[in-house]
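Okay, structure first, notes after.
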Amino acid sequence: MSEFWLFAAGLALVACAYGLGRARALASAGGDIRALHSLPGHYGWAAVQATLGAALAVLLLARLAGWSGPAVAVAMGVAALAGLGWSLHRGTARFRARNAVERGVMGFLILASTIAIATTAGIVLSMLFETRNFFALYDWRDFFFSATWAPQFQGDSQLGILPLLWGTLYISLIALAFAVPVGLLAAIYLSEYAGRRMRAVVKPALEVLAGIPTIVYGLFALITVGPLLRDWFAQPLGLGTSASSVMTAGLVMGVMLIPFVSSLSDDIISQVPRALHDGASALGATRSETIRQVILPAALPGIVGAVLLAASRAIGETMIVVLGAGAAARLSLNPFEAMTTITVKIVSQLTGDSDFAAPETLVAFALGLTLFVITLALNVLALVIVRRYREQYE
Amino acid sequence: MTPHPSLFTRDPRTARRRAAEARFRGFGLAAVLIGVAALLMLLTSVLSSGLGAFRQTHVHIPVALEASVLDPAGTRDPEVMRKVTTLSYAKVIEAALKQAVADAGIAIDGLTDAEIAAMLSKEAPAQLRAKVLADPDLVGRTIDASLLANGRIDGYLKGRVTMDSAQLDRNVTPGQLLLADAMVAGGMMSKDFNFAFLTAGDASDLRPEAAGLGVAIIGSAYMMLIVLGLALPLGVATSIWLEEFAPKNRWTDLIEVNIANLAAVPSIVFGVLGLAIFINFAGLPQSAPIVGGLVLVLMTLPTVIIATRASLKAVPQGIRDAALGVGASRMQAVFHHVLPLAAPGILTGAIIGLAQALGETAPLLLIGMVAFVREFPAAPPEGFFDPASALPAQIYNWTQRSDPAFVERASGAIIVLLVFLLVMNAAAILLRRRFERRW
Amino acid sequence: MNDMRMPQAQTGATLSKITARSVQVHYGDTHAIRDVSVDIPDRTVTAFIGPSGCGKSTFLRCLNRMNDTIATCRVAGEIRLDGEDIHDPRVDPVQLRARVGMVFQKPNPFPKSIRDNVAYGPKLHGLAASRAELDEIVEKSLRRAALWTEIKDRLHAPGTGLSGGQQQRLCIARAIATAPEVLLMDEPCSALDPIATAQIEELIDELREHFSVVIVTHSMQQAARVSQRTAFFHLGELVEYGETDAIFTNPVDPRTENYITGRIG
Amino acid sequence: MNDMRMPQAQTGATLSKITARSVQVHYGDTHAIRDVSVDIPDRTVTAFIGPSGCGKSTFLRCLNRMNDTIATCRVAGEIRLDGEDIHDPRVDPVQLRARVGMVFQKPNPFPKSIRDNVAYGPKLHGLAASRAELDEIVEKSLRRAALWTEIKDRLHAPGTGLSGGQQQRLCIARAIATAPEVLLMDEPCSALDPIATAQIEELIDELREHFSVVIVTHSMQQAARVSQRTAFFHLGELVEYGETDAIFTNPVDPRTENYITGRIG
Amino acid sequence: ARDQVQVAGSSTVLPYAAIVAEIFGENTDFPTPVIESGGSSAGLKKFCEGVGDNTIDIANASRRIKDSEVEACASAGVTDIIEVRFGYDGIVFASDINGEAFAFTPEDWYRALAAQVVVDGELVANPATTWDQVNPDLPAQPIMAFIPGTKHGTREVFDLNVIERGCKDSGAEEELAALVGDDTGKTCTALRTDGRAVEIDGDYTETLSRIASDKDGIGVFGLSFYENNASKLQVATMNGVSPSTETIASGEYPVSRPLFFYVKKAHIDAIPGLKDYAEFFVADDIAGPGGPLAEYGLVPDPELARAQAAVADEVTLD
Ligand SMILES: Nc1ncnc2c1ncn2[C@@H]1O[C@H](COP(=O)(O)OP(=O)(O)OP(=O)(O)O)[C@@H](O)[C@H]1O
Ligand SMILES: Nc1ncnc2c1ncn2[C@@H]1O[C@H](COP(=O)(O)OP(=O)(O)OP(=O)(O)O)[C@@H](O)[C@H]1O
Ligand SMILES: [Mg+2]
Ligand SMILES: [Mg+2]
Ligand SMILES: O=P([O-])([O-])[O-]
């Protein structure tokens, strides 16, 4: 409970700081806000920032020094009060409070951005170390160029990434080939053709697709879609008798990805200024021509972002692949055969039963790092393409 | 000049273009329908197999609470009575059930005492014990108890277990099913709304009928609080910096690509990272919502950032110019004008990101939240550090259980998760509709 | 009172290209156009004048049904192009707009290259059989819109990176590239210098040989220079409509006179 | 040649409010402003004239550093406001823009209500101590921009739903609501009828009592009517700058003369 | 300080551990322990992360801890480990309840699933497509086997006790030895990849669903799982023995795996209830024959007394 009270006390102090900062500035200006450099609220926030900043600095220091306990809380309180006192001292009418507050906000924005970088660094580092261990035990040439994936408990496994890589690309491709057209067309329909009411219902409804746990999709693939595809397509076409297939997983995953494409694209398309619409319609363009030739190019960067997000999800998905496409690593062109993906094997090797210092487990990290590098390359490619295109069009 | 063709007749080119237009529109509608149809299909299958979990079979019988068995010391002190285990309560209940069956004049051939006792859940003694310990004065009296029936009996009432399957089943006999029929007819057994499904903790394979989502719901709620409180502000802040303030150079390109790439990192890798950073390095506890929440924050950030950036990009430059022109700072232009216009996209990012975070299991696997947890975490903020489960972890867990009764419960849990998702997103969806107003 | 129909005889040789009858336009609760009836003759330049906010743009947008795209806008009344009701369900607004082109008050170039901006319409309507022909149309349109010399070296630069006046001329080039029968121009010279204005006025005069042009302008001088007929709008009503000379020299309605002499706005 | 500095004496009682020295502007590879030096006196209306695309808007946007927002735009040279270099790192562009207001060539109201559009600036700078005071500022600004009577019943309607000319006046109202020391107006009357134009010109004249106004216009008459000093731009160069009367009656440079008499564009 | 026992590891052990934890929590004053699943290996890895509040106390495993893992543990400061073997998990072969009945020998499985078999002294890709081609006594049903994926420890048992045994029994090992030299073990356990041996990376419920959608399938299950789904599955005999807790305990039925849990001795004093839980787990009333674990399908360890002693005396691995 003491934590709760500390928290409450902190909040109260912050509220005080705001009020005092504001009041102090107003008083120094004789109550006339026109005499202030910034708005009264800015002075309040500047005081809050100084108070919080001092307290957090002490906390950080304590963390680094490894101190803990009530002494730290007291020190934080003292620092906060000192910060408040200082900010009140400087918070006169001439003080550039807005600039100070904006510097603080900017600091927060930059700090937030570094979290993404830190995460990347963390991921790379956490995988790099184990990957090195893996390559100490297993020849990198076999890993990158072998077409066989066959881990064994007795050791002496064959851990070639190629069949997994192929499965990943194949399944993602099918999923995207389904989700991107469907999602994009749905987005276009919702933003350009559908009535307000339909849109208000359908858009959130489609978003539910993104929230259904993937296990449901997996079972749907396993029990419904798989046998359906086998009985209606694979067997009549003589393409095999497997119920689990790349096609099954790809299609079901495609369904899951629809909202990623549709909802984000819909927002971007809706944001395109009306004047562009009018310009095209006045030239006698039909709605679809306007959309395809004017709106979509203008909205392209956002749409590419949405598609990349969908692709990322496709690459990162496990459950649907396990249940829909099976666990067999295989290199084949036949879309009605069972295959599997890198992500699935990362999960299964990481949570599997082999000894955690064995190459069979460590390979998960090498797979993860390789996947990271590949997706990085794909993202760079996407960025370059979008840039080229933008240069042309803007 | 050639006379102009009539407006009422379509020239062939326009007719062709109109056909293309109709096709395009048709495709759009078809796409929407495909999405909606898939959703309906999935929902129907989830609802049809999961709604049963919200009703549970109970046995209603009078139970005589023997003082000699339940409070041998006679102190009526809960601390002392705690020594009496569920085994003793089980005996009391068995006796009561046999008595009730006999009183009702039900006689089924070849039904052993053990089989009659097995009509009740193994949770029943624990239920009774909790009740008695909460109110020791009940000891010595006869109370009307409503006790959980065994999962197979419940399955029989729900149509999952049949006479035929009972023949083959090691855990239930046809005789028990006949008794169940008789008890239902005699008003001693009925299906009631299953509050415990939403409030109780998990249960083992021996008593699927008692398994509930209470701990998982709280765990998920705690994690979503953390995700909402951190991922949204951090994601929006990052996007604003990158899109509105950062210099456009190699470094920011690198950051941009990096963030897009983070979205493609398999979620389990975030679990690896979370384990390394939050548990091993920062020393946070295992199985705790705080760690789960933080991992999910890292996982959701890219989604929020990508959506937000796309929307910020789409805001016309004229708006920013207008604000700067009246002397707003760039910060003010962004917060007063650009953000509100980009809000729909940001909210979409939040909706999709939260959906993803709420439904994700894999990273939780590595930080100990895919677990059997029966104790409820405390209220926040302490509760963030207590062991808890999460809805997707519970679903994942239940789908692996061997008892078929868990299939229904897993689907029920999915329904709860979807309702949770809708409730959580309702505010965002409504807000987005407001911001979507085109001026 | 708002009825400005022309007996056929009165218009001389020219026929009515567009006839509007009791047109009413509402934006939500705002009554923007009140019962306007007007005949716009063929091969003539018609000027719409009137104080800012009187409904000129709104009425202009009725003529090619551009108001369809504004959700809150409701149009009532009858508008005929060559005698055919443009609100008839059989009418395809796309075909209508191909025949009735428009230059908007605010220049709205597409975020594409200058060339693509102009080529867009001709491509849409299949007006060019080959790339060379298309290039020719683009050049000719840009020349006629008095923009060619300035931007002939930047054809592939984005149209949104032009100056205000250049954008306006780009939009004119874009509109004439599809060779519409009627061209609606909403203050096409507002951002142009006198020379460019003169060139556009020349273009309008040239267009008149084959087509009808309706131009909204705030410049009385411009109306007098380019138009044969002038309509004066005030507070959503069509106050007076007739031969330009007559309107400017001998207005019937006192409001017209007040406006022309600069007394009401 | 592009140097149009004024010896202090020449400007009479007024001081230079803004002094620009060898300003160069590039958009990527386009050289839009070539070595322009100019002194803009205080409490004076200065008109920028010149053919479309000559760089008037570009130069105007330099004066309150609005070009900072265009990624491809590079500005070189020195610009001083009251003797202080506006590119000095110590200068807060926000403060600069609060002092040097701007009306853009294309009206760009915020997608908010009319009232909020006008109230935004005063709120930002804390010019109103109370809501009533704010309402007063809004009303006064709208009145001065000659918009009040038209929209006083629709103060809460969206600013984007106004007619072109109304939007333009709204933007003027928005700009003057913050009472800037220098007001840059890029063709502020392009979409206005003569009466509204006259009212805005009156406003400009009124503003001159306390502030400097720089106005870009295509109308020679308007320049002659409202401005005391005129600068003529051509192809990115400042060709001639001086007393308005002198420029119009007795231009030095042949290009100026050609432009004024309508021979180059 | 933590007041709740934390356990992680094998998903095979999870249901047993959950049953124990539930009863433990109900009848003692200690909170119910938290039991994570995620796999034996993952559990042991966590176990070996170190000593302290934020590390787990017990690792469940469906295999013995490996030497390399003991070393890793030691280097992280986890030195005193108490090993407790509390029973066995039987591994059974089952097919759809309405299909044909099967009586297998390991040899049948080897012949059906080996990637390559010796035909007329030559190594050829396995040609068998139906069970009767492998063994004329079996029904003429297409071969479709759902076997555990390589992430599962059960696969190791399957490879060793069924396939390799079958390889030996059929005499194929000697023939192979002649053809490929020393490397027979690997050739023996290499399984066909033409879709007839389907690896399951999920769990037994997935195998069950697969049999539901492909009635010809024969799946590998744990005994307890089968017993809970006896109304959907029929079990095959192995070497003529039908799997049950008794036949497995007696060793008659050949395919089973031992189940363990490992206790971190250093935590016993720090975590309340840790030792009580361990003792409770191996008590006769719980893990013995007739106890709740056996009721669920555990094959009780015939040497349970040894486990009880190990816990009571805190006997550590050396
Ligand atoms: N954002 C931009 N990117 C590239 N070039 C530009 C951009 N803005 C203007 N230009 C070019 O710079 C030159 C000067 O443009 P500016 O807008 O200053 O002209 P202006 O004098 O205001 O013309 P107008 O009277 O037509 O508005 C023109 O050639 C124009 O094409
Ligand atoms: N989208 C809209 N929503 C609501 N009201 C509108 C809209 N567009 C125009 N109006 C109103 O309708 C009336 C007529 O507007 P219109 O644009 O036709 O004027 P205009 O004559 O073109 O004026 P200007 O010369 O200023 O462009 C005005 O009062 C205007 O405020
Ligand atoms: Mg208009
Ligand atoms: Mg300009
Ligand atoms: O989860 P397992 O280690 O028992 O396969």
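Here is how names work: the chains are called A, B, and so on, in the same order as the sequence lines, proteins then strands, and each is numbered from 1.
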Quiz item: Which bit of Gln105(C) is near chain D, if near means a heavy-atom gap under 4.5 Å: side chain, backbone, both or neither?
Solution: side chain
Quiz item: Between Gln167(C) and chain D, which part of the residue has a heavy atom less than 4.5 Å away: side chain, backbone, both or neither?
Solution: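 Just the side chain, heavy atoms under 4.5 Å.
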Quiz item: Could you go step by step and tell me if Arg154(D) and Thr30(C) meet the side-chain contact (heavy atoms from CB on, under 4.5 Å) rule?
Solution: CA-CA 10 Å; Arg154(D) 320 172 24 189; Thr30(C) 322; 4.3 Å; yes
Approximate separation, where rounding is to 0.5 Å, of [X] [atom1] and [Y] [atom2]:
| X | Y | atom1 | atom2 | value |
| --- | --- | --- | --- | --- |
| Ser190(C) | His218(D) | OG | NE2 | 8.5 Å |
| Ile195(D) | Asn258(C) | CD1 | CG | 8.5 Å |
| Ser52(D) | Gln166(C) | OG | CD | 5.0 Å |
| Asp193(D) | Cys54(C) | CG | SG | 8.0 Å |

Quiz item: Between Pro194(C) and Met220(D), which heavy-atom pair has the shortest distance, and what is it?
Solution: CG-CE, 3.3 Å
Quiz prompt | Nearest heavy atoms of Pro107(D) and Lys106(C), plus distance in Å | solution =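 Where Pro107(D) meets Lys106(C) most closely, the heavy atoms are O-NZ, 3.0 Å.
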Quiz item: Looking at Ser219(D), Ala146(D), Gly165(D), Ala191(D), which makes the most heavy-atom pairs under 4.5 Å with chain C?
Solution: Ala191(D)
Self-check item: Closest-packed option against chain C by number of heavy-atom pairs under 4.5 Å, given Cys189(D), Gly164(D), Gly55(D), Gly28(D)
Solution: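 Option with the top pair count is Gly164(D).
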Quiz item: Heavy-atom distance under 4.5 Å to chain C: side chain of Gln199(D), backbone, both or neither?
Solution: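 Neither the backbone nor the side chain of Gln199(D) comes within 4.5 Å of chain C.
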Quiz item: Checking Glu187(D) against chain C: side chain, backbone, both or neither under 4.5 Å from a heavy atom?
Solution: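 Answer is side chain: those atoms of Glu187(D) sit under 4.5 Å from chain C.
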Quiz item: Do the side chains of Ser57(D) and Ser163(C) get nearer than 4.5 Å, heavy atoms only?
Solution: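 Of all side-chain heavy-atom pairs linking Ser57(D) with Ser163(C), none is under 4.5 Å.
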